[in-house]
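Report on the following structure.
To find a chain, count down the sequence lines: A is the first, B the second, and so on, and within it residues start at 1. The structure presented is a predicted model; accordingly, all values stated were derived computationally and were not measured.
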Amino acid sequence: MNPIEGLGAFPLPDSLPSEQTRGMKVKRISDVIWDIPQEGPMLVPGRVFASDALIESVLKDRATDQVANVAQLRGIVEASYAMPDIHWGYGFPIGGVAATTVEDGVVSPGGVGFDICCGVRLLASRFTEADFNARRDMIMAELDRRIPRGIGKGGLAPAGLIMDVLHRGAAAALANGYGWEGDLERCEEQGMSTGAAPSVVSDKAVTRGKAQIGSLGAGNHFLEVQVVDEIHDSAAAEAFGLAPGMVVVMIHCGSRGLGHQTCTDQLRLMGDAMHRYGITVPDRQLACVPVRSQEGEQYLGAMAAASNFAWANRHILAHEARRAFASAFGTTPRTTGMDLVYDVAHNLAKIETHEVGGRPTSLCVHRKGATRAFGPGHPDLPPDLRLVGQPVLVPGSMGTASWVLRGEVNNRVFASAAHGAGRVMSRKKAKGKQSGGEVRLQLEDAGISVRPGSVGLLSEEAPYAYKDVDAVVDVCDRAGLAAKVARLRPVGVVKG
Amino acid sequence: MPYTVLSHTADTGIEAMADTFPDLLCDLATGMFGLMGSPEPCASDDLIEIGVESASHEDLVVDVLSDLLYHSEVEDLFLCWFEIQATGPTSIQITARGVANGGVELTGPPIKAVTYHDLAVRQTDEGWYGRVYFDV
């Protein structure tokens, strides 16, 4: 089999455990666009954004099978899309974008994932790299001490805040002393998802959430201190509040156990319900129901409430980071200048209006490991960002660069862009390559201070386990998904 | 190890083979927590007991493992010993023992949830086979 027309053969490895791998063919459309032709039960074609180098890794796992599976969802329009950081997930590929019509399409929790509203938040500061270096150990020690992470219980905020958090997200955190005015304007959805229905979030989920409000978690979640290394768009960088040499803080985390439980609960309900609607799916993780159904509305309400937990979670962690810097510099959080650049989700389904066939259409846009990327002029952006477009935050792997991009008007993927570097190596293989201690030493040698929750886990998140984030961002830029604004270089990492 | 770790780009999975369905569940539960750590010895008086009934064997695997993750988190216990008995065709009773989460050195990332992706549970001539992937 030759999976790439015009590129030579890339046979799938024999070691894949799949019983379902089909080895999809991809066809070159341009230097950064590949199509998976519509065939069999697919309702639309698949479309993958990747360079020649990136498409090779895409075809080495089952990600393109999953793109084709998503193309079977009822009511899907245009294509089943995959961002340049695409890799094998569960149900949807990570990096998958699918829009279904609200009128007669479905909503699938698999298009959101268990970590509902997982996302990234970026804080600016008034500090330079020299300032950071002068107090590096103190800053890292403060962050290490203050940021709850790892498994189980432990959050910065009291359990009693839970229902307020589910109702109004980051606004609940702000009202309780976390953050300051102006923060909410710099959050996607102002940090509060509309349509939240805390009453349909299960007692189990609420119990899990109570003890974790303001906690990082583990795995690929992190808090990173970075330096603005390159500016590619001065006007946008200025609008975002970024300047060359500035120290910034990036936080990646989501809705913790509350979100995981909510997805588990809703998948169970949806699996039972979809048969009543005569829906079949090629992977049970793609269980779905009509958007306009009792079960669909219930899922969207529960998902919105769980996403409010995630907005508040990142908000509280960010404010604790401000306190950590303030403590290390002997000042107040306000005088750190650690204003919010932006907060974006990359695991959500949202009702948005986009043009389909030349007509504005109400769509349920699933972004599973993909970032919303509104271009300049979009009415949902705050006035100070409307001229340049929405900040799009693309974290790299631990030890490599991260990027700030901006949304583009001509984005044809329902205003979506990549969400990270994207894994290229399994955890098992990554772990076998180097020990966590060796990875830590290499990072420290490269000038990156590391404060891990567990040293043993560092190897699974080592840079070699991920794609080259610069290459991923380059494809975003060339494909018109989002434009480069600033490159960020890590100097300190707090890992879960 | 009574289970095999399956390769996956972003997440992780396990498969196991056992003589009986309760034994298979036991192996998969051991495997799920074994992916995160292996406290030795698993000496504790902290027990949890739960009953689960589901529509099918596949559902039971997901429901049981999901419930164990829930109890592990809210009771702050890293579960490391399991006894599972069938109480009906697709219902079981579990007794699990665990040690405090805080005392366990993690050797793998915490598991967020149990997925239905590529889920397989079937009775074969050799016994019961199960395969399950986790979101980590």
Is a side-chain N or O of A/Arg427 found less than 3.5 angstrom from the main chain of B/Thr9, in a donor-acceptor match?
no

Are A/Arg62 and B/Asp118 within salt-bridge range, i.e. N to O under 4.0 Å?
yes

Working to the nearest 0.5 Å, report the span between OG of B/Ser66 and NE2 of A/His260.
12.0 Å

Exceeds 12 heavy-atom contacts within 6.0 angstrom, atom CD of A/Glu438
yes

Look at the side chain of A/Gln285 and the backbone N and O of B/Thr115, then say whether any donor-acceptor pair between them is shorter than 3.5 Å.
no

Just by modelled atom types, is the B/Val5 backbone N or O under 3.5 Å from a matching donor or acceptor in the A/Lys428 side chain?
yes

Ion pair present between B/Asp59 and A/Arg284, side-chain N to carboxylate O less than 4.0 angstrom?
yes

Examine whether an atom of A/Lys210 lies under 4.5 Å from a heavy atom of chain B, and if so say whether it belongs to the side chain, the backbone or both; otherwise answer neither.
neither

Residue part contacting chain B, namely of A/Lys204, when any heavy atom lies under 4.5 Å
both

Side chains of A/Lys429 and B/Ser7: does their closest heavy-atom pair fall under 4.5 Å?
no

List the atom pairs, donor and acceptor, that lie under 3.5 Å between side-chain atoms in residues 38-52 of chain B and the rest of the protein, sequence neighbours left out.
residue: B/Ser44; atom: OG; partner: B/Asp46; partner atom: N; Å: 2.8
residue: B/Ser44; atom: OG; partner: B/Gly98; partner atom: O; Å: 2.6

When you compare the side chains of A/Gln261 and B/Glu73, does any donor N or O come within less than 3.5 Å of an acceptor on the partner?
no

Without hydrogens or angle criteria, can the side chains of B/Asp135 and A/Tyr90 be said to hold a donor-acceptor pair below 3.5 Å?
yes

